[in-house]
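Structure first, commentary second.
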Amino acid sequence: MDKLNFKGLITSIQPRIRLTRSFDEASHTYLGYAIKIAGTIDNQDFSKQTIFSIGIGKAAQAKFNFKVNDIISGECLPVSDPDIEPVDYYKVSKLAKAAEGE
């Protein structure tokens, strides 16, 4: 499957975890960050912005130091199983900060 292009304004950033429960025990796995974006995906018309979320790793966040109101772009894939992923898209590549927010 080909990756989808996205570009948009960051509206929120949160830690991304996966909670696992087994009988009376619970554990979590740290997956990185979930970034909510108001923008376009798959080269749609810029006037038809949508809200979607992408998942990035902690290394990508450390490198770019994304924050709310930054404009970012890149490529991603839709999640294969929405029941176990807290984001809409993942496996992000070609990540770039197009503009720094205030």
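Heavy-atom basis, side chains included; hydrogens, waters and symmetry copies ignored. None of the values given here were measured: they were computed from a predicted structure.
The residues E85 and R16 are annotated as salt-bridged, a charged nitrogen and a carboxylate oxygen being separated by less than 4.0 angstrom.
Between Y90 and S80, the closest side-chain pair of non-hydrogen atoms falls below 4.5 Å. The shortest distance between side-chain heavy atoms of K7 and I72 does not fall below 4.5 Å. Side-chain atoms of L4 and P78, non-hydrogen and from C-beta on, do get closer than 4.5 Å to each other. Side-chain contact between Y30 and K58 is present, with heavy atoms from C-beta onward closer than 4.5 Å.
Within the 3.5 Å criterion, the main-chain N or O of I84 finds a donor-acceptor partner in the side chain of R18. Formation of a donor-acceptor pair under 3.5 Å by the D88 side chain with backbone atoms of S53 is found in this model. Counting only distance, with no hydrogens or angles, the side chain of T40 and the backbone of Q49 share no donor-acceptor pair below 3.5 Å.
Note on F6: it does not cluster hydrophobically with V79, by side-chain heavy-atom contacts below 4.5 Å among ILVMFWY residues. A continuous path of hydrophobic side-chain contacts links Y89 to I17 [ILVMFWY only; heavy atoms under 4.5 Å]. Follow the hydrophobic side-chain contacts under 4.5 Å out from I56 and you reach F52 in the same cluster. Connection of I37 to I41 is established within a shared hydrophobic cluster, with ILVMFWY side chains joined at heavy-atom distances below 4.5 Å, either directly or through further cluster members. F66 and Y33 fall within the same hydrophobic cluster, defined by Ile, Leu, Val, Met, Phe, Trp and Tyr side-chain heavy atoms under 4.5 Å apart, directly or through other members.
Side-chain heavy-atom separations under 4.5 angstrom define the hydrophobic clusters, and F23 shares its cluster with no other residue.
Closest non-hydrogen pair, V68 versus S12, comes out as CG2-CA, 4.1 Å. For A26 against L19, the heavy-atom pair with the smallest separation is CB-CD1, 4.3 Å.
Note that CD of E75 and CG of D42 are 10.5 Å apart. Values are rounded to the nearest 0.5 Å.
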Could you list the donor-acceptor pairs under 3.5 angstrom formed between side-chain atoms of residues 92-102 and any protein atom two or more places apart in sequence or on another chain?
residue	atom	partner	partner atom	Å
S93	OG	K3	NZ	3.1
K97	NZ	F64	O	3.0
K97	NZ	D70	OD2	3.4
K97	NZ	E100	OE1	3.3
E100	OE2	K67	NZ	2.3

(request) Decide yes or no on side chain to side chain contact (heavy atoms under 4.5 Å, CB included) for T20 and H28, but give the supporting numbers first. (result) CA-CA 6 Å; T20 307; H28 70 278; over 6 Å; no

